[in-house]
Amino acid sequence: MEVAKTEILPPKPLSKYTDLELINAVLETGKNDYFGELYDRYSDKVYGKCIQMVRDQDLAQDLAQDVLVKAFLKLNTFKGTSAFGTWLYQVTYAHCIDYIRKNKNIYKEELEEERFNHIESEDAEYEELHEKELLEMKIEYVQQILYDLKAEERSLILQKYQDNLSIAELSEIHGASESAIKMKLKRTRDKIRERYYELNPENN
């Protein structure tokens, strides 16, 4: 779906306009002022996503700046099929994972379809129980565990439970089948659960 065209915005506070209106204005005029408003709206959130991925304030700041520059340069690829924030966070996670791979020699596990064809998905009741357990864990332990996960595992968990993306959306973003995404989430939740009770045995 193409992003609908709009007239150049009349002179009134940019804070009054939607993300989509600002994006259209950037694409039509090339003026940085319009993107500057988007920058102000999302820079802190992008930085927050980055620091969750790399746990280093200075590095997260650099990565956030890189992401926002990349977003500006790729703005014409935004099609409006999702919220701008969702698209921007996808760019953020992808950029952070790419950085971690290149600099920490962490590579993405291949999700081979045949490995999951014979594995049944968790039934809804079992999955709901374990998701509830994850969400009730003490946040200080969960944050510590997240930083010990592989970059892809960390981003998948954050996208699912912080950004509230659906399995279908995750499947599209990661280029994997829905069954592969479900299995990856299950394995990562199990890993978090196991490590959580090692750190916090009194809650076992």
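- Side chains of Gln52 and Leu146 form no contact here, defined as non-hydrogen atoms less than 4.5 Å apart.
- Inspection of the Gln65 and Tyr39 side chains reveals an N or O donor paired with an N or O acceptor under 3.5 Å.
- The shortest side-chain heavy-atom distance between Lys74 and Thr77 falls under the 4.5 Å cut-off.
- Here the CZ atom belonging to Arg193 is positioned 14.5 Å from the OG1 atom belonging to Thr188, to the nearest 0.5 angstrom.
- Taking every heavy atom of both residues into account, Asn32 and Phe72 meet most closely at OD1-CZ, 3.4 Å.
- Closest approach of Ala151 to Ile100, counting heavy atoms only: CB-CD1, 3.6 Å.
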Criterion side-chain contact (heavy atoms from CB on, under 4.5 Å) on Lys160 and Leu165, from CA distance to verdict: CA-CA 5 Å; Lys160 177 69 170 69; Leu165 297 186; over 6 Å; no
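- To the nearest 0.5 Å, the span separating CD on Gln61 from CG on Asp56 amounts to 11.0 Å.
- Partner of His95 under the side-chain hydrogen bond (donor to acceptor under 3.5 Å, both in side chains) criterion, chosen from Lys70, Gln90, Lys49: Lys70.
- Residue Gln57 qualifies as open at atom CD: its count of foreign heavy atoms under 6.0 Å is 12 or below.
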Step-by-step side-chain contact (heavy atoms from CB on, under 4.5 Å) determination, Thr29 to Tyr34: CA-CA 9 Å; Thr29 69; Tyr34 298 119; 3.4 Å; yes
Residue pair Lys16, Glu21: steps toward the salt bridge (charged side-chain N to carboxylate O under 4.0 Å, His left out) verdict: CA-CA 10 Å; Lys16 301 294 183 182; Glu21 288 173 327; over 6 Å; no
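- Just one residue in the list Leu75, Val46, Asp19 forms a side chain to side chain contact (heavy atoms under 4.5 Å, CB included) with Leu88, and that residue is Val46.
- Atom SG of residue Cys96 and atom CD of residue Glu152 lie 12.0 Å apart, to the nearest 0.5 angstrom.
- To the nearest 0.5 angstrom, Glu172 atom CD is 7.0 Å from Thr81 atom OG1.
- Closest approach of Tyr147 and Arg55 over heavy atoms only: CD1-CD, 3.0 Å.
- Put simply, Leu68 and Leu59 are part of the same group of oily side chains (I, L, V, M, F, W, Y) that touch within less than 4.5 Å, one to the next.
- Checked by atom type and distance alone, the side chain of Asp98 never pairs as donor or acceptor with a backbone atom of Ala94 at under 3.5 Å.
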Worked check of salt bridge (charged side-chain N to carboxylate O under 4.0 Å, His left out) between Arg41 and Glu37: CA-CA 6 Å; Arg41 291 180 188 182; Glu37 173 63 23; 3.0 Å; yes
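- Asp163 and Tyr93 are linked by a side-chain donor-acceptor pair at a separation below 3.5 angstrom, with hydrogens and angles left out of the test.
- Contact annotation: the side chain of Leu14 never approaches that of Asp40 to less than 4.5 Å [non-hydrogen atoms, C-beta and beyond].
- Here the shortest heavy-atom pairing between Glu153 and Lys191 reads OE2-NZ, 2.8 Å.
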Full working for side-chain contact (heavy atoms from CB on, under 4.5 Å) between Ile23 and Trp87: CA-CA 13 Å; Ile23 291 166; Trp87 177 83; over 6 Å; no
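- In summary, the side chains of His174 and Gln159 do present a donor paired with an acceptor at a separation below 3.5 Å, with no hydrogens or angles considered.
- Taking 4.0 Å as the cut-off between side-chain N and carboxylate O, Arg189 and Glu194 do not count as a salt-bridged pair.
- Closest heavy-atom contact between Val67 and Thr92: CG1-OG1, 3.3 Å.
- Rounded to the nearest 0.5 angstrom, Ser179 OG and Lys186 NZ are separated by 13.5 Å.
- A continuous path of ILVMFWY side-chain contacts below 4.5 Å connects Leu149 to Leu63, so both sit in one hydrophobic cluster.
- Tyr47 and Ile97 sit in two unconnected hydrophobic clusters of ILVMFWY residues. Membership requires side-chain heavy atoms under 4.5 Å apart, directly or through other members.
- Nearest approach of Ser171 to Ser177, heavy atoms of both residues: OG-C, 3.7 Å.
- Checked against the 6.0 Å centroid threshold, Tyr42 and Phe84 count as a close aromatic pair.
- The distance from the CD1 atom of Ile192 to the CZ atom of Arg187 is 14.5 Å, given to the nearest 0.5 Å.
- Ile51 and Val69 fall into different hydrophobic clusters, where Ile, Leu, Val, Met, Phe, Trp and Tyr side chains are chained together by heavy-atom contacts under 4.5 Å.
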